[in-house]
Amino acid sequence: MAEPLPLPLRRIVVGITGASGAVYGARLLQALRALPGVETHLVVSDTGWRTLRHERGDAPDEVRALAHVVHDVRDLGASIASGSFPVHGMAVAPCSMRTLAAIAHGLADNLLTRAADVTLKERRRLVLLARETPLHLGHLRNMVAVTEMGAIVCPPVPAFHLRPQTVAEIVDHGVARALDLLGLDHALSSRWAGMPSTAAS
């Protein structure tokens, strides 16, 4: 894992793609906003904006307000397109199979995939909340490829052992796992403390 930036600043890039599960990206931005010393850089694909509006009813300005810096997905001259711009890590939440494929093959064809490519080449932490089911062999091979390159594929799978009572709790757990993988302290979700032992019958 890359060395953290000197406190009090840690920059986190958040990418939001058009896969279902836009709530994960928005909630991740909210959680990062609440952490001291964290600066967020947001980049959203065109279909990401469309999915945000469809699934959450969010206006673009409402989502932009959650980030410290917002970049246009077409702006390949943005700061996060360069490895010389110090960043702690990046999360793509949710990560579509199209974006996964672009990252796996190093296409860097827009700012989101370029930022992910930079994250990998600089040996920084890249967390992909991949959203698709069922998966065909191409999806699986792309997951293997990005894992071999250093990324972490982290599908937002519900943790039913924590007995969530609401959809919000399920989402918070998925976001909490992403924060863990980015090496950021938080109190967003309860942690597994073990199953109570039972007396032998």
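Remember, it's a predicted structure, so these values are computed and weren't measured experimentally. In what follows, residues are counted from 1 in the order of the sequence shown.
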Please determine whether residues [X] and [Y] belong to a single hydrophobic cluster, defined as Ile, Leu, Val, Met, Phe, Trp and Tyr linked transitively by side-chain heavy-atom distances below 4.5 Å.
X: Val144; Y: Leu140; result: no
X: Val69; Y: Met90; result: no
X: Ile152; Y: Val14; result: yes
X: Val157; Y: Leu181; result: no

Shortest non-hydrogen contact from [X] toward [Y]:
X: Ala93; Y: Ile16; value: O-CG1, 3.5 Å
X: Leu111; Y: Leu76; value: N-CD2, 3.6 Å
X: Gln30; Y: Leu66; value: CG-CD2, 3.8 Å
X: Ala67; Y: Thr40; value: CA-OG1, 3.3 Å
X: Ala19; Y: Ser96; value: CB-CA, 3.7 Å
X: Asp117; Y: Gly106; value: OD1-CA, 3.8 Å

| According to the ring pair (Phe, Tyr, Trp, His ring centres under 6.0 Å) rule, which pairs have a member within residues 140-167, sequence neighbours left out? |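 Listed once each, the pairs are His161-Trp192.
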| task | Among residues two or more places apart or on two chains, list those pairs meeting ring pair (Phe, Tyr, Trp, His ring centres under 6.0 Å) that have a residue in residues 105-153. | result | His136-His139
| query | Taking only residues at least two apart or on different chains, which pairs with a member in residues 174-187 satisfy side chain to side chain donor-acceptor pair (under 3.5 Å)? | reply | Arg177-Asp180, Asp180-His186, Asp180-Arg191, His186-Arg191
| request: Sorted by first residue and then second, give each side chain to side chain donor-acceptor pair (under 3.5 Å) pair with at least one member in residues 12-25; sequence neighbours left out. | output: Ser20-Glu55
Atom [atom1] of [X] with >12 non-hydrogen neighbours under 6.0 angstrom:
X: Arg50; atom1: CZ; value: no
X: Arg141; atom1: CZ; value: no
X: His54; atom1: NE2; value: no

Please tell me if the side chains of [X] and [Y] come closer than 4.5 Å, counting only heavy atoms from C-beta onward.
X: Val13; Y: Thr119; result: no
X: Leu126; Y: Ile103; result: yes
X: Arg114; Y: Val118; result: yes
X: Arg131; Y: Pro156; result: yes
X: Arg98; Y: Thr47; result: no
X: Glu39; Y: Leu9; result: yes

| Any Lys/Arg nitrogen of Asp46 or Arg74 sitting under 4.0 Å from an Asp/Glu carboxylate oxygen of the other? | yes
| query | Mind checking what makes side chain to side chain donor-acceptor pair (under 3.5 Å) contact with Thr113, not counting sequence neighbours? | reply | Asp109, Asn110
| message | Run the side chain to side chain contact (heavy atoms under 4.5 Å, CB included) test on Val38 and Ile12 for me, step by step, so that the C-alpha distance in whole Å, both residues' side-chain angles and the decisive distance to 0.1 Å come before the verdict. | response | CA-CA 7 Å; Val38 171; Ile12 302 293; 4.1 Å; yes
Interatomic distance, [X] atom [atom1] to [Y] atom [atom2] [nearest 0.5 angstrom]:
X: Met143; Y: Leu100; atom1: CE; atom2: CG; answer: 5.5 Å
X: Leu184; Y: Arg125; atom1: CG; atom2: CZ; answer: 10.5 Å
X: Gln165; Y: Ile170; atom1: CD; atom2: CD1; answer: 9.5 Å
X: Leu182; Y: Leu35; atom1: CG; atom2: CG; answer: 10.5 Å
X: Leu135; Y: Met97; atom1: CG; atom2: CE; answer: 6.5 Å

| said: Quick one, Ser45 with Thr99, criterion side chain to side chain contact (heavy atoms under 4.5 Å, CB included). Give me CA distance, side-chain angles, the key distance, then yes/no. | reply: CA-CA 10 Å; Ser45 70; Thr99 296; 5.9 Å; no
| query | Is a side-chain donor or acceptor of Arg10 paired with a backbone partner of Gly37 at a separation under 3.5 angstrom? | reply | no
| query | Can Lys121 and Met149 be said to form a side chain to side chain contact (heavy atoms under 4.5 Å, CB included), step by step? | reply | CA-CA 9 Å; Lys121 80 181 183 68; Met149 294 159 67; over 6 Å; no
| Listed partners of His41 passing ring pair (Phe, Tyr, Trp, His ring centres under 6.0 Å), at least two apart |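 Partners of His41 under the ring pair (Phe, Tyr, Trp, His ring centres under 6.0 Å) test: His71, Phe85.
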| query | Can you list the steps and then say if Leu112 with Val44 is a side chain to side chain contact (heavy atoms under 4.5 Å, CB included)? | reply | CA-CA 7 Å; Leu112 197 160; Val44 183; over 6 Å; no
